[in-house]
Amino acid sequence: MNSALSDPTLERHFRGHRDTVTSVDFSCTMKQIATGSSDSCVMIWNMKPQTRAYRFDGHKDAVTSVHFSPSGHLVASASRDKSVRLWVPSLKAESTVFKAHTATVRSVSFSGDGQSLVTASDDKTVKVWTVHRQKFLFSLNQHINWVRCARFSPDDRLIVSTSDDKTIKLWDKNSRECIHSFYEYAGYSNHVDFHPSGTCIAAASTDNSVKVWDIRSHKMLQHYQVHSGIVNSLSFHPAGNFLITASSDSTVKVLDLLEGKLLYTLHGHQGPVTCVAFSKNGEYFASGGNDEQLLVWKTNFDAAEFGDGTGQQHRSRSGTRAPTAHITVSSEPAQRSQMSGASEVSRPDTVPRSHSRNGNLSRLGRSQTHGKPSIASSTSNAHPPYTAPLPSHPQESASEGGLTSTLEHIIGQLDILTQTVSILEQRLTLTEDKLKECLENQMELSARLQSRDEA
């Protein structure tokens with residue numbers, strides 16, 4: 001499989017934010033990318049060349065998280081101003097405000113059906129909201145420190161959350177009970193997400209590691225120690241075979257979950273990389289960082305998994321063969337290229353299983369130069385103490401896919417209608433308040449005139 005891999009390439013880079021890019025997400029159509037930033041703005045970037053970006057001003061403090069609805073018709077954003085906003089990603093920049101948290105909201109995420117939102121906050125709670133009624137539903141309250149991130153499982157039955165209390169909690173959405181807690185000992189996790197199969201979770205940790213747990217056996221399946229700085233974010237490839245990570249060591253790394261090894265190290269950002277996300281079909285991934293840049297990469301390395309471009313989206317959803325998971329004892333971080341003004345991409349045509357007693361890895365490869373910002377990628381392999389399976393996706397029929405697409409379109413139209421009605425209600429309330437104020441002023445003026453006449 002390794003000989004068939006192609007190197008990822010830098011396709012686009014966007015500048016527009018005035019501070020750190022904190023979060024990134026692709027729309028389902030791949031036509032738009034949403035980003036949040038410490039400059040308090042949400043931006044919607046268009047993948048079509050020469051197309052203007054939208055800047056949404058509404059939050060009063062840093063935007064910490066953004067997420068597209070499954071239909072792509074709404075964007076949710078979370079902020080340090082303690083609020084969550086729902087935006088229609090168009091020129092009008094219309095939004096609705098959700099308020100229930102009493103501290104910074106660290107993350108926001110839609111459920112798979114687009115009906116609910118889950119948020120995580122420094123008020124130590126995880127909250128669930130209904131999108132259409134735009135109301136707070138309930139809180140999950142067992143964390144004892146700031147909650148960094150919360151996500152729905154692919155089937156929307158579970159919620160996973162991670163906190164500065166060094167726990168990752170798994171919740172049953174219906175019973176609202178914590179069904180298991182995973183414990184971090186060296187640090188805490190900044191980011192957590194479900195594998196597309198829904199059977200395991202991955203966490204990006206402040207101890208510079210990435211861990212993968214099975215949520216059924218509660219055992220750790222993989223442990224990657226490939227970064228030299230805090231891991232800030234991660235994202236699964238839709239097929240479930242690859243994981244990308246973003247770190248304060250200024251790199252983005254690509255992990256092969258089938259082989260349990262580091263596949264590529266990408267250098268494109270100057271300073272910490274704060275967020276990463278795969279597109280919905282896995283064809284692209286994006287990264288943002290402290291350098292205020294958004295970089296969009298062409299995946300390429302998943303070509304062997306999909307065979308050809310025509311089947312890529314279907315294979316992403318239906319899955320591939322069940323991967324074998326290895327615990328990585330240790331792995332050398334790839335050395336950054338010292339070349340200036342060029343990029344170096346290196347990986348071995350064949351990857352030798354070089355096992356040493358201390359678990360360090362050997363590396364060899366070829367290189368080629370591209371006229372892009374400084375990028376370097378490399379492959380390394382680690383000694384596997386044991387193996388365990390990471391389950392693949394269940395198969396989905398074409399008819400189910402068509403039905404899902406139709407339902408998502410209907411949900412998207414309902415999203416827009418609901419958003420429009422909500423905005424009209426807000427404007428009506430504002431008008432009523434102003435009218436009430438005018439009447440009160442008029443009554444007060446009349447009373448004054450009457451008392452003056454009597455005097």
Side-chain angles (χ1 to χ4, degrees), residues 5-17 20-27 30-35 37 43-51 53 226-227 229 232-238 242-256 262-306 309 312 333-347 365-379:
L5 294 175
S6 297
D7 300 326
T9 54
L10 183 62
E11 291 288 302
R12 302 280 301 275
H13 71 277
F14 298 96
R15 283 185 176 274
H17 282 296
T20 300
V21 180
T22 56
S23 182
V24 61
D25 192 36
F26 286 86
S27 69
M30 257 300 299
K31 293 180 180 179
Q32 294 180 316
I33 303 174
T35 55
S37 169
M43 292 194 72
I44 306 296
W45 310 89
N46 289 286
M47 285 293 286
K48 185 179 179 181
Q50 309 302 322
T51 306
V226 294
H227 282 290
N232 297 308
S233 180
L234 54 77
S235 179
F236 281 103
H237 188 281
F242 302 100
L243 184 71
I244 51 174
T245 59
S247 171
S248 294
D249 65 9
S250 305
T251 69
V252 173
K253 292 185 186 283
V254 182
L255 306 175
D256 185 335
L262 172 64
L263 197 59
Y264 291 102
T265 297
L266 307 179
H267 298 269
H269 290 278
Q270 297 177 351
V273 188
T274 50
C275 55
V276 285
F278 269 113
S279 63
K280 301 302 185 283
N281 62 2
E283 186 178 358
Y284 295 90
F285 60 95
S287 59
N290 277 20
D291 57 5
E292 304 172 9
Q293 284 194 100
L294 172 67
L295 304 182
V296 180
W297 310 79
K298 185 74 178 295
T299 302
N300 295 331
F301 52 77
D302 64 348
E305 304 298 329
F306 295 111
Q312 182 159 328
Q335 296 299 313
R336 182 164 184 171
S337 167
Q338 298 301 314
M339 297 175 64
S340 177
S343 65
E344 182 179 288
V345 180
S346 63
R347 65 167 181 81
R366 57 183 172 80
S367 66
Q368 60 189 76
T369 303
H370 304 275
K372 296 290 183 182
S374 178
I375 310 166
S377 64
S378 65
T379 309

Looking at residues at least two apart in the chain, or sitting in another chain, which of them share a side chain to side chain donor-acceptor pair (under 3.5 Å) with Ser279? Asn281

Do Ser37 side-chain atoms and Thr20 backbone N/O form a donor-acceptor pair below 3.5 Å? yes

Indicate the atoms forming the closest heavy-atom contact of Gly16 with Met43, along with that distance. C-SD, 3.9 Å

Taking all heavy atoms of Val21 and all of Gln293, pick out the closest pair and write down the distance. CG2-O, 3.8 Å

Any side-chain donor paired with an acceptor under 3.5 Å for Thr274 and Asn290? no

At their closest point, which heavy atom of Ser6 faces which heavy atom of Tyr264, and how far apart are they? O-OH, 3.3 Å

Any donor-acceptor N/O pair, Asp291 side chain to Gln270 backbone, under 3.5 Å: yes

Report yes or no: does Lys280 contribute a side-chain atom to a donor-acceptor pair with the main-chain N or O of Phe26 at less than 3.5 Å? yes

I want to check something: taking the side chain as every heavy atom from C-beta on, are Met47 and Lys31 in contact at a cut-off of under 4.5 Å? no

Heavy-atom pair with the smallest gap, counting every atom of Trp297 and Ala286: CD1-CA, 4.4 Å

Determine whether Leu255 and Leu262 make a side-chain contact, defined as any pair of heavy atoms from C-beta on separated by less than 4.5 Å. yes

For Thr35 and His17, which heavy atoms make the closest approach, and how far apart are they? OG1-NE2, 2.7 Å

Less than 4.5 Å apart, side chain to side chain, heavy atoms only: is that true for Asp256 and Phe242? yes

Are the side chains of Asn232 and Val273 in touch, meaning some heavy atoms are under 4.5 Å apart? no

Does any non-hydrogen side-chain atom of Val276 lie less than 4.5 Å from one of Phe285? no

Report yes or no: does Thr299 contribute a side-chain atom to a donor-acceptor pair with the main-chain N or O of Gly282 at less than 3.5 Å? yes

What pairs with Lys298 under side-chain contact (heavy atoms from CB on, under 4.5 Å), at least two apart in sequence or on another chain? Thr9, Glu11, Glu283, Tyr284, Asn300

Atom pair CG (Leu243) and OG (Ser235), whose distance is rounded to the nearest 0.5 Å: 7.5 Å

So among Ser247, Ser250, Ser287, which one has a side-chain contact (heavy atoms from CB on, under 4.5 Å) with His269? Ser287

When rounded to the nearest 0.5 angstrom, what distance separates CG in Leu294 from SG in Cys275? 7.5 Å

Between the CG atom in Leu295 and the CZ atom in Phe14, the distance rounded to the nearest 0.5 Å is 10.0 Å

